[in-house]
Amino acid sequence: MKIEFVTSAEAAEVLAVLVHEGRAFVGMGTHLDTATGGSLTKAMSHSRFTGGTNSTLVVAAPAGVNAASIVLTGAGEADKFDDLALEAAAGAAYHAVKMSGATSLTIDAYYLTAEQAGRAAFAARLAAYRFLKYRTTLKPAKTPSIETIRVVAADVAAAQAAYDALSPVAEAVEFARDLVAEPANVLYPVEFAKRVKGLEKLGLEVEILGEKELEKLGFRTLLAVGQGSRRESQVAIMKWNGGTKGDQPIAFVGKGVTFDTGGISLKPADGMEEMKWDMGGSAAVTGLMHALAGRKAKVNAVGVIGLVENMPDGNAQRPGDVVESLSGQTVEVLNTDAEGRLVLADCLWYTQERFKPKFMLDLATLTGAMIIALGLEYAGVFSNSDELADNFLAAAPKVGENAWRMPIPTFYERHIDTPIADVKNTGNGRAGGSITAALFLQRFTNGTPWAHIDIAPVAWVKDSRNPTVPDGAVGWGVRTLDRMVADSYEG
Ligand code: BES
Ligand code: MN
Ligand code: ZN
């Protein structure tokens, strides 16, 4: 998508103007309505469009103006107009005309601040994301036609600067979405690691550990998950040193199961294809590191992602196996489909031991139970630190990602006890499955301030109501993490 900032809407092909609830024009709207002899008002009064968020009205071929069409896009209640309402308005305008045949969309932000003008472009760009890599016979008529987003701004240079500050985050979200969308025959652990290594061009330091090194280090629970796969397991470590030299880093850990068949505890066939996105946590961590490097964040951060494929071959681990984790704690593997926690156990232990971070925050598509608990539009937050949880929960709603704190009571610990080993990888049947999973992870944090985000509900969306998040791979977490770092850990 080409993004441009201009001072005039004169040459616009499709012109989008924001309208507040109550059919209230702002910016150029009033002038355009007059110029078209009241066509916009007339069109609105004959439609259900009132200016609510996520609603649009396209007025075609209006007389009296150059534009081929005008898109009225809902900005919601004027007194509740915030960044998210602006993003929704810009995103919805894009969706209203993306298939129209027009090649450019011009958005009126002349009356808004430069920051808002930049953000409108950012939002339209996120809305326009599509994963079309494998659509080799897509007819032009079914392909989005908009190639350029132009934003009309009073101060073009300032708007461009505002956009330039947001653009690394958009790029990072796109990178994460691409990872999540890739099928598992293309994106297996070594390929994922290769793409992470490619981020060295942004100034990240990247280390890749293969199976030989992981065996030597003692990542036995992670390797146990990968041992049923022909694909070699990997751990990728990313470092961004933008803060004060020697300052303790903040650390992010991701579950990167590039495909989860369940292993010997095989999943049912129905819907198994969704498990290609069981690496959404790793994609979020990688996306965050991409964003931090892209905008040269003033912070020291590390990202550690565990990349494995959970397959059921003759060498696969069995239910009942006991494995000694890197931490030294022994784990009874009662269900090979509860593999994410096995991967994270070693990654968390390694991260705290090697980096002594200020905190560790992990993201994982960890449990189906999270979807049962919260539905498909909230991630669950589990933490031993109120400060860390609060910082995450403050950032999420600012960028349109929903998260909800969950309890990790000590009196549930007994549900992951077993007479056979130090801990087992399942809980008390299906009861509180997301909580027992979090309690399992906590045993590998060694008392480090830690938060675990279960993103199973939100990593993939099928019926999006957020214009800046098209159906498919969400890249969930990249924006929240970036915002949390910016608001709470930089400087
Ligand atoms: N990757 C799945 C969790 C998942 C399920 C994410 C559905 C998104 C949608 C995870 O590895 C898993 O299989 N968890 C099991 C745990 C159980 C065996 C204790 C689950 O949720 O059923
Ligand atoms: Mn599983
Ligand atoms: Zn899984």
Side-chain angles (χ1 to χ4, degrees), residues 180 184 187-189 192 221-222 224-229 231 233 253-284 305-312 316-321 331-347 362-380 382 406 412 415-418 423-441 452-462 472-474 476-477:
V180 172
L187 193 78
Y188 44 92
F192 197 134
T221 57
L222 181 145
V225 174
Q227 77 189 29
S229 168
R231 308 290 198 183
S233 300
V253 178
K255 169 178 172 180
V257 177
T258 58
F259 196 76
D260 180 13
T261 64
I264 295 298
S265 312
L266 196 63
K267 285 183 182 297
D270 229 25
M272 197 199 276
E273 72 282 355
E274 297 202 347
M275 287 300 111
K276 75 170 184 179
W277 46 262
D278 208 16
M279 31 54 70
S282 281
I305 58 176
L307 304 169
V308 301
E309 187 181 49
N310 189 21
M311 297 287 274
Q317 65 175 338
R318 294 145 292 257
D321 281 6
V331 181
E332 185 186 19
V333 180
L334 283 179
N335 190 319
T336 64
D337 196 12
E339 84 296 340
R341 67 197 76 182
L342 301 174
V343 172
L344 289 172
D346 281 346
C347 290
D362 77 74
L363 296 103
T365 48
L366 202 62
T367 62
M370 200 72 257
I371 300 170
I372 305 303
L374 293 178
L376 286 167
E377 296 189 62
Y378 273 88
F382 304 80
M406 299 285 293
Y412 280 14
H415 300 312
I416 54 171
D417 289 339
T418 163
V423 65
K424 64 182 164 87
N425 79 331
T426 54
N428 180 22
R430 290 160 63 193
S434 306
I435 299 174
T436 47
L439 285 169
F440 180 97
L441 297 181
H452 155 60
I453 319 297
D454 193 333
I455 61 169
V458 292
W460 188 271
V461 62
K462 280 183 173 156
V474 175
W476 200 99

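Both ligands and their constituent atoms are indexed starting at 1 by order of listing.
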side-chain contact (heavy atoms from CB on, under 4.5 Å) evaluation trace for Val225 with Gln317:
CA-CA 7 Å; Val225 174; Gln317 65 175 338; 3.9 Å; yes
Intermediate values then yes/no, salt bridge (Lys or Arg N to Asp or Glu O under 4.0 Å), Glu274 and Lys462
CA-CA 11 Å; Glu274 297 202 347; Lys462 280 183 173 156; 2.6 Å; yes
side-chain contact (heavy atoms from CB on, under 4.5 Å) between Ile453 and Trp476, intermediate numbers included
CA-CA 11 Å; Ile453 319 297; Trp476 200 99; 4.0 Å; yes
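The line from CD1 of Ile435 to CD1 of Ile416 is 12.0 Å long, rounded to the nearest 0.5 Å. Here the straight-line distance linking atom OG1 of Thr426 with atom CZ of Phe440 works out to 9.5 Å at 0.5 Å rounding. For the atom pair CG of Asp278 and CG of Asp260, the computed distance is 4.5 Å after rounding to the nearest 0.5 Å. Distance check, rounded to the nearest 0.5 Å: CE of Met275 to OG1 of Thr258 gives 12.5 Å. Rounded to the nearest 0.5 Å, atoms CZ (Arg318) and CD1 (Ile264) are 8.0 Å apart. Taking CG of Leu366 as the reference point, atom CG of Leu344 lies at 6.5 Å (rounded to 0.5 Å).
Of the protein's non-hydrogen atoms, Ala338 CB, 4.3 Å is the one closest to atom 17 (C) of ligand 1. Closest protein heavy atom to atom 12 (C) of ligand 1: Asp337 O, 3.1 Å. Taking atom 18 (C) of ligand 1 as the reference point, the nearest protein heavy-atom neighbour is Asn335 ND2, 3.4 Å. Looking from atom 6 (C) of ligand 1 to the surrounding protein, the closest heavy atom is Ala456 CB, 3.6 Å. Scanning all protein heavy atoms for the shortest distance to atom 4 (C) of ligand 1 gives Gly368 N, 3.8 Å.
Remark: atom 14 (N) of ligand 1 lies closer than 4.0 Å to at least one protein heavy atom.
In terms of modelled atom types and a separation under 3.5 Å, the side chain of Asn310 and the main chain of Thr336 share a donor-acceptor contact. Using a distance-only test at 3.5 Å, with no hydrogens or angles considered, a donor-acceptor pair links the side chain of Lys424 to the main chain of His415.
Listed by atom number, the atoms of ligand 1 under 4.0 Å from Glu339 heavy atoms are 11 (O). The atoms of ligand 1 that sit less than 4.0 Å from any heavy atom of Thr365 are 1 (N), 2 (C), 3 (C), 6 (C). Every atom of ligand 1 with a heavy atom of Lys255 under 4.0 Å away is listed here by number and element: 1 (N), 10 (C), 11 (O).
Within the structure, the closest approach of Arg430 to ligand 1 does not fall below 4.0 Å when heavy atoms are considered. Using a 4.0 Å heavy-atom cutoff, Lys267 is listed among the residues neighbouring ligand 1. Under the 4.0 angstrom criterion for non-hydrogen atoms, Met370 is not in contact with ligand 1.
When only interatomic distances are considered, the shortest N/O to N/O separation between Asp278 and ligand 1 falls below 3.5 Å. The shortest N or O to N or O distance between Asp260 and ligand 1 is under 3.5 Å. The shortest N or O to N or O distance between Arg341 and ligand 1 is not below 3.5 Å. Not one N or O of Thr426 is nearer than 3.5 Å to an N or O of ligand 1, by distance alone.
Among heteroatoms of the N, O or S kind in Asp278, OD2 lies nearest the Zn ion (ligand 3). As for Glu339, its N/O/S atom nearest the Zn ion (ligand 3) is the one called OE2. Here the N, O or S atom of Glu339 that is nearest to the Mn ion (ligand 2) is OE1.
Contact record, Thr367 with Gly433: CG2-O, 3.8 Å, taken as the closest heavy-atom pair. Here the closest heavy-atom approach between residue Thr365 and residue Ala459 is recorded as CG2-CB, 3.8 Å. Minimum interatomic distance between Val308 and Ser233 (heavy atoms only, all atoms of both residues): CG1-OG, 3.6 Å.
With a heavy-atom cut-off of 4.0 Å, Phe440 does not touch ligand 1 at all. Neither the backbone nor the side chain of Met279 has any atom closer than 4.0 Å to an atom of ligand 1 (non-hydrogen atoms only). By the criterion of a heavy-atom distance under 4.0 Å, the side chain of Met275, and not its backbone, is placed next to ligand 1.
Closest heavy-atom approach to atom 10 (C) of ligand 1 among the candidates Thr367, Leu366, Val225, Leu376: Leu366.
Ion pair Asp362/Lys255 not flagged as a salt bridge, since none of the NZ, NE, NH1 or NH2 atoms sits closer than 4.0 Å to an Asp/Glu carboxylate oxygen.
Coordination check, Lys255 versus the Zn ion (ligand 3): passed, since an N/O/S atom of the residue sits under 2.8 Å. At a cut-off of 2.8 Å, Asp260 coordinates the Mn ion (ligand 2) through an N, O or S atom. Backbone or side-chain N, O or S atoms of Asp260 reach the Zn ion (ligand 3) at under 2.8 Å.
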